[in-house]
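Here is the structure we will look at.
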Amino acid sequence: MCGIVGYVGEKLAIPMVLECLKSLEYRGYDSAGVAYVDGKKLEVFKRVGKLKILSNFIENKIIPASCAIGHTRWATHGEPSEKNAHPHTDNLSVLALAHNGIIENFSALKKDLNTQGVEFYGETDTEVFAKLLQQNIFNENAIKSENYAMHSTMHNTIKVTKKCIIMAIKKTIMQCTGSYAVVFIFKGIDDVIFFAKNKSPLIIGESKYGKMLASDTPALLGKCEKFHTINDGEFGYISKRSICIYDKDFNKIKPYFMPIKLQLNEVILGEHQHFMQKEIEEGAKSVLDTLDRLDSQKILAKIPEQIFDINSNFYITACGTALHAGRIAKYLIENQLGESVDLDYASEFRYKRPQLNSRSVCLCISQSGETADTLSCLELSKEFGATTLAVVNVRGSRMESIADYIIPTSAGPEIAVASTKAYLAQLGAIYALIAHMAKIRNKSLDFSIDEIKSIVKANENVNYENELKEVVELIKNEESVYFVGRGLDYLLAMEASLKLKEITYIHSEALPAGELKHGSLALISEGCVVFAILTQSDLIEKTLNNVHELNSRGAKVVLFTPFIELKNFVYKLIKLPNVKNLLAPFVALKPLQTLAYLSAISKNLDPDKPRNLAKSVTVE
Ligand code: F6R
């Protein structure tokens, strides 16, 4: 949530920052802003809406700055507006600061600053941070005669040095609680970008052309060859010639650079129109790559077996689509291993006082590895002595550094906000985990990993775009639709429904098919579109009964199923490949994801950047 970038070096800083921000727009697109410092000049440009609006505005300006910062915002505190857009400045406009995270005690700090006469132009917590920081900088005394910037206040003239600023950052972060990755520049201190980090991601990139700060590695791709991950509590600065990092105890830290392994083709559209379309197509590859990696690196075998003890209390928690993957894990553990699992939304889990102890195992699932709700559950589980496992897609994420054991997925960078290929990769990891647990228990399963690989390979190139056209027309102007299914199909219905609503803004609800008659059937009227999913051969009759109930109330039922003989009972049938019951998710998701994607296109909506949402939800 919120993407930040800073560049200092030989190249023109503003175009560089704008270019890098493009790769971070998945983190928010409510507004965008850049700021640069050049001699005695500090200037900020901001615009509401997507980055393109800001880029168009700046396009013809020639700004010879070699040091700049930029931000793309997902609004938390304060509406998306120019005054709330980052970078933020202080009352004297001596600094410009961009932030990702939440300063939790900002109200108290603001009140305090207010009483000292500090005025605020917006509602953000970041503006409070910027103004507190400026005050702390001006309260530092420049002792040594190193290079300094002179600033005049109402009462006197102040000398500010890098050292003063570092001391002021140290003080400011002690006054603030919450999460932050901040970068800022200071008027008169040329070619230096200061930073501080706690709980929100921030990395340093280096190349022969300069140094960068960014929220994530895609921003550095093609610009830097290597990156260093800044740890929580650390702060410092980058300049043309040096990098200076302090830890929370004020010890100097040496950066440890790693090569950037991402490939450019992983983060560009290529011949696709949208990232979502590209990523739906990459679903099969992400399952296969995940399974291959887990196997070739013996990742599950390296986790101590006693963790999977039959007597452990197993908990699963995650958010959104990742939780839907978790639901399938719960289903499989209960159905195949005969053991019970507790599962909950991460935002609920930590507040329901889960009975965690040293015999508990908590499995967290996350594409980004940054989701604040899921991270809190991970931390809570550790506090209670539980063992934590994390299925994570983004390498080097915070979740990876906290969890006891990582089960990595290999979906590659997922850029569209709606998760598609990462969900499939999560399923790959989950099925591999269940197979591993079964092996430890000497239990046989109704599926094998080889079967998954072969059905995924066999269906990799199936394309549903033509077949779904008529269905897309059917729902394009609907206000509300429903998804129903039983057992595993209900879990798929939940994911299909979430995908559709988040990118088309059509209200959608997923229901266990058998539950309809207990209330929700009252919502069904003539012409209402209901998507039924039926992949489980043992549930044909039962689900069909529910389809009849819907038909009798005038619903248009679109059935996703391999059982074509049911064609005459429904308005339209979308044929799925016929696979073993438990393997259905690996073939049913693609048409359901494609349905959401095509429906968004038909409504002229950008499927990659749905309104009000962002990819990495780093606030609770
Ligand atoms: C929906 C979607 C979200 C995420 C959720 C968790 O398409 O992408 O529901 O699944 O915000 O995100 P991660 O997996 O990064 O923890």
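Every number for a ligand or one of its atoms is a count from 1 in the order of the listing. Keep in mind that what you see is a predicted model, and the values were worked out from it rather than measured. Residues: numbered from 1 along the sequence shown.
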Worksheet item: Quick check: are there more than 12 heavy atoms from other residues, nucleotides or ligands sitting under 6.0 Å from CD of Glu334?
Response: yes
Practice prompt. Give the numbers and elements of all ligand 1 atoms closer than 4.0 Å to a heavy atom of Val417.
Written response: 8 (O)
Response to the item:
For Ser368, the ligand 1 atoms with a heavy-atom partner under 4.0 Å come out as 13 (P), 15 (O), 16 (O)
Worksheet item: Where's the contact between Glu502 and ligand 1, heavy-atom distance under 4.0 Å: side chain, backbone, both or neither?
Response: side chain
Worksheet entry | Protein residue, atom and distance nearest to atom 3 (C) of ligand 1, heavy-atom basis | Thr321 N, 4.0 Å
Worksheet item: Taking the inter-plane angle between the rings of Phe560 and Phe531 on a 0 to 90° scale, is it parallel (under 30°), tilted (30 to 60°) or perpendicular (over 60°)?
Response: tilted
Item to complete: Taking all heavy atoms of Gly412 and all of Asn393, pick out the closest pair and write down the distance.
Response: O-ND2, 3.0 Å
Worksheet entry | Student check: side-chain heavy atoms of Thr535 and Thr561 closer than 4.5 Å | no
Worksheet item: Can you list the ligand 1 atoms lying under 4.0 Å from a non-hydrogen atom of Ala322?
Response: 10 (O), 14 (O)
Worksheet item: Using heavy atoms and a threshold below 4.0 Å, how should the contact between Thr374 and ligand 1 be classified: side chain, backbone, both, or neither?
Response: neither
Response to the item:
So the atoms of ligand 1 within less than 4.0 Å of a heavy atom of Ala418 turn out to be 7 (O)
Worksheet, complete the sentence: atom 5 (C) of ligand 1: closest protein heavy atom, distance to 0.1 Å, is Cys319 O, 3.6 Å
Discussion item. So if I count the atoms of ligand 1 from 1 in the order they appear, which ones are less than 4.0 Å from some heavy atom of Lys499?
Written reply: 1 (C), 7 (O)
Worksheet item: Considering only the protein, which heavy-atom contact is closest to atom 14 (O) of ligand 1, and what is its distance?
Response: Gln367 N, 2.6 Å
Practice prompt. Name the orientation class of the two ring planes belonging to Tyr180 and Phe129 (parallel below 30°, tilted from 30 to 60°, perpendicular beyond 60°).
Written response: tilted
Fill in: Residue from Glu502, Glu495, Gln367 passing side chain to side chain donor-acceptor pair (under 3.5 Å) with Thr321
Glu495
Worksheet item: Strictly under 6.0 Å, is that where the ring centroids of Tyr431 and Phe586 end up?
Response: yes
Worksheet item: What is the closest protein heavy atom to atom 11 (O) of ligand 1, and at what distance does it sit?
Response: Val617 CG2, 4.1 Å
Worksheet item: Are Leu343 and Tyr315 close enough that some pair of their side-chain heavy atoms sits under 4.5 Å apart?
Response: no
Worksheet entry | ligand 1 to Thr371 polar contact by distance, N or O atoms, under 3.5 Å | yes
